[in-house]
**Q** 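Let me begin by handing over the structure; questions about it come next.
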Amino acid sequence: NLFFKCLTAFRSQNKTAKLFCVGDNWQAINRFAGSNTTYFTEFSKYFGNAKQLKISTNYRSKKHIVGAGNSIMQNNGMPAISSSNEPGSIKIVDLDKFEFSISERLKFDQQTFVPAIIRICAQLLKNKKTVTLLSRTNHVRWPIGGINAKLDEFLIELRKFFPASVRENIDASSTHSYKGKQADAIILIDFKQNYYPFIHPKNNFSRIFGD
């Protein structure tokens with residue numbers, strides 16, 4: 001709201017000023033700074049008559065990936081359309097059903113996350129794929145070595161389980177930092193309620209930005 005008032009003040013001094021705006025009402029990534037999707041969904045209410053062009057084609061993701069995103073955002077605007085006819089695939093891993101090998105149990109005890117990730121990455125690397133682990137935060141809840149690890153530290157330790165020749169094909173990033181990038185396979189390592197979309201525990205403090 002404060003940024004909107006600031007922009008309105010600028011426009012009041014120059015009646016001929018025109019705005020060219022690009023926005024995505026499915027990505028309120030500046031919510032921490034008081035942004036709100038209403039400025040997209042009700043643009044004309046705030047800025048007057050405007051010519052609006054809808055860009056709904058997804059050029060990066062395969063059909064099933066785009067479909068999954070559409071199902072999450074169902075009834076919230078125009079669905080995205082995949083430019084690709086390739087289906088792609090989505091797999092959900094239930095760690096409660098993980099069965100240890102003898103060597104995995106000796107090395108990791110009852111901790112299922114790391115050996116499961118190693119298995120998945122090994123299969124992808126064998127098929128010459130690049131793989132990125134995405135986390136909503138910069139910390140991993142299932143660390144290697146028994147202590148909470150930062151994401152970049154976790155990546156260093158994870159790469160040690162693979163030959164040096166393929167280590168660079170494994171990456172890790174926060175979801176926010178990974179915008180605009182891509183890999184052959186993406187693993188969401190903390191897919192849980194209130195993480196996608198992310199509801200910050202201190203969300204109320206954003207009110208000082210005019211909310």
Side-chain angles (χ1 to χ4, degrees), residues 26-27 29 58-73 80 82-201:
W26 281 11
Q27 297 188 66
I29 62 173
N58 184 319
Y59 291 95
R60 175 169 290 138
S61 302
K62 303 296 188 289
K63 291 181 70 173
H64 286 174
I65 312 296
V66 174
N70 286 339
S71 65
I72 291 173
M73 300 302 293
S82 174
S83 66
S84 171
N85 287 322
E86 294 182 49
S89 63
I90 300 172
K91 297 180 181 180
I92 298 175
V93 177
D94 186 351
L95 292 179
D96 291 333
K97 297 179 180 179
F98 183 84
E99 295 183 5
F100 289 93
S101 67
I102 295 175
S103 60
E104 286 171 338
R105 188 172 296 281
L106 290 173
K107 186 176 292 185
F108 300 106
D109 193 27
Q110 296 298 316
Q111 206 260 52
T112 58
F113 174 75
V114 175
I117 288 293
I118 292 172
R119 281 196 205 177
I120 295 169
C121 288
Q123 185 62 43
L124 292 166
L125 294 172
K126 180 181 177 181
N127 293 323
K128 302 186 184 305
K129 304 291 187 182
T130 57
V131 55
T132 296
L133 279 60
L134 290 189
S135 172
R136 195 59 186 85
T137 68
N138 286 312
H139 286 81
V140 180
R141 294 191 299 138
W142 302 275
I144 301 173
I147 58 172
N148 288 327
K150 291 183 178 179
L151 192 58
D152 54 353
E153 296 170 351
F154 179 84
L155 177 61
I156 291 171
E157 295 301 315
L158 180 65
R159 283 175 169 172
K160 292 178 181 178
F161 290 96
F162 299 94
S165 59
V166 298
R167 288 176 184 173
E168 293 303 315
N169 289 337
I170 308 173
D171 197 7
S173 172
S174 68
T175 50
H176 184 77
S177 298
Y178 206 67
K179 286 182 178 292
K181 302 177 184 179
Q182 63 185 35
D184 295 323
I186 297 292
I187 302 175
L188 297 178
I189 64 174
D190 57 355
F191 192 73
K192 65 176 188 173
Q193 190 173 11
N194 289 341
Y195 268 45
Y196 297 90
F198 187 60
I199 307 299
H200 198 282

**Q** Test L133 against every option in D171, L188, L158, V140 by the side chain to side chain contact (heavy atoms under 4.5 Å, CB included) rule and name the one that passes.
**A**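 Only match with L133 under side chain to side chain contact (heavy atoms under 4.5 Å, CB included): L158.
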
**Q** Applying side chain to side chain contact (heavy atoms under 4.5 Å, CB included) to K129 and N127, what does each step give before you reach the verdict?
**A** CA-CA 6 Å; K129 304 291 187 182; N127 293 323; 4.2 Å; yes

**Q** Determine the sole option in I186, L151, I187 for which the side chain to side chain contact (heavy atoms under 4.5 Å, CB included) test with L134 is passed.
**A**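 Between L134 and the candidates, side chain to side chain contact (heavy atoms under 4.5 Å, CB included) is satisfied uniquely by I186.
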
**Q** In chain order, what residues pass the side-chain hydrogen bond (donor to acceptor under 3.5 Å, both in side chains) check against E157, with sequence neighbours excluded?
**A**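 E157: side-chain hydrogen bond (donor to acceptor under 3.5 Å, both in side chains) contacts with K160.
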
**Q** Side-chain atoms of residues 105-113: list all donor-acceptor pairs with protein atoms under 3.5 Å, sequence neighbours left out, distances to 0.1 Å.
**A**
{"unit_1": "Q111", "atom_1": "OE1", "unit_2": "F113", "atom_2": "N", "d": "3.0"}
{"unit_1": "Q111", "atom_1": "OE1", "unit_2": "V114", "atom_2": "N", "d": "3.0"}
{"unit_1": "Q111", "atom_1": "NE2", "unit_2": "P143", "atom_2": "O", "d": "3.1"}

**Q** Find the distance between CD1 (I170) and CD1 (I156) and round it off to the nearest 0.5 Å.
**A**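 It is 13.0 Å, given to the nearest 0.5 Å.
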
**Q** For S84, give me all partners under side-chain hydrogen bond (donor to acceptor under 3.5 Å, both in side chains), at least two apart in sequence or on another chain.
**A**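 For S84, no residue satisfies side-chain hydrogen bond (donor to acceptor under 3.5 Å, both in side chains) once neighbours in sequence are set aside.
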
**Q** Indicate every side-chain donor-acceptor pair of residues 63-72 with a distance under 3.5 Å to a residue at least two apart or in another chain.
**A**
{"unit_1": "H64", "atom_1": "ND1", "unit_2": "G88", "atom_2": "O", "d": "3.2"}
{"unit_1": "N70", "atom_1": "OD1", "unit_2": "A80", "atom_2": "N", "d": "2.9"}
{"unit_1": "N70", "atom_1": "ND2", "unit_2": "A80", "atom_2": "O", "d": "3.0"}
{"unit_1": "S71", "atom_1": "OG", "unit_2": "A68", "atom_2": "O", "d": "2.6"}

**Q** Got a sec, which residues hit side-chain hydrogen bond (donor to acceptor under 3.5 Å, both in side chains) with D184, two or more places apart in sequence or on another chain?
**A**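 side-chain hydrogen bond (donor to acceptor under 3.5 Å, both in side chains) list for D184, sorted by chain: T130.
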
**Q** Sequence neighbours left out, what passes ring-ring contact (aromatic ring centres under 6.0 Å, His included) with F162? Give chain and number order.
**A**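 Not a single residue meets the ring-ring contact (aromatic ring centres under 6.0 Å, His included) criterion with F162.
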
**Q** What residues form a side chain to side chain contact (heavy atoms under 4.5 Å, CB included) with S101, not counting sequence neighbours?
**A**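 Applying side chain to side chain contact (heavy atoms under 4.5 Å, CB included) to S101 gives S103, E104.
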
**Q** Say whether, by atom type as modelled, one donor and one acceptor occur between the side chain of R136 and the main chain of D190 under 3.5 angstrom.
**A**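 Not at all, since once roles are kept as given, no pair shorter than 3.5 Å links the two residues.
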
**Q** Are the side chain of S82 and the backbone of S61 linked by a donor-acceptor contact shorter than 3.5 Å?
**A**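 Present.
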
**Q** Please name all residues satisfying side-chain hydrogen bond (donor to acceptor under 3.5 Å, both in side chains) with R167, sequence neighbours left out, ordered by chain then number.
**A**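 In terms of side-chain hydrogen bond (donor to acceptor under 3.5 Å, both in side chains), with neighbours along the sequence ignored, R167 is linked to no residue.
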
**Q** At what distance, to the nearest 0.5 angstrom, does CZ of F154 lie from CD1 of I117?
**A**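 F154 atom CZ to I117 atom CD1 measures 6.5 Å (nearest 0.5 Å).
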
**Q** Taking all non-hydrogen atoms of both residues into account, name the closest pair between S173 and T132 and its distance.
**A**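 In this case the closest contact between S173 and T132 is N-CG2, 4.5 Å.
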
**Q** Locate the shortest heavy-atom distance separating F98 from A116; write the atom from each residue and the value.
**A**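 So the two residues come closest at CE1-CA, 3.7 Å.
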
**Q** Taking salt bridge (charged side-chain N to carboxylate O under 4.0 Å, His left out) as the definition, give me every residue that meets it alongside E99, ordered by chain and number, with sequence neighbours left out.
**A**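 With neighbours one apart ignored, the set is empty.
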
**Q** Tell me the salt bridge (charged side-chain N to carboxylate O under 4.0 Å, His left out) pairs involving residues 83-95, sequence neighbours left out?
**A**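 Residue pairs passing salt bridge (charged side-chain N to carboxylate O under 4.0 Å, His left out), neighbours aside: none found.
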
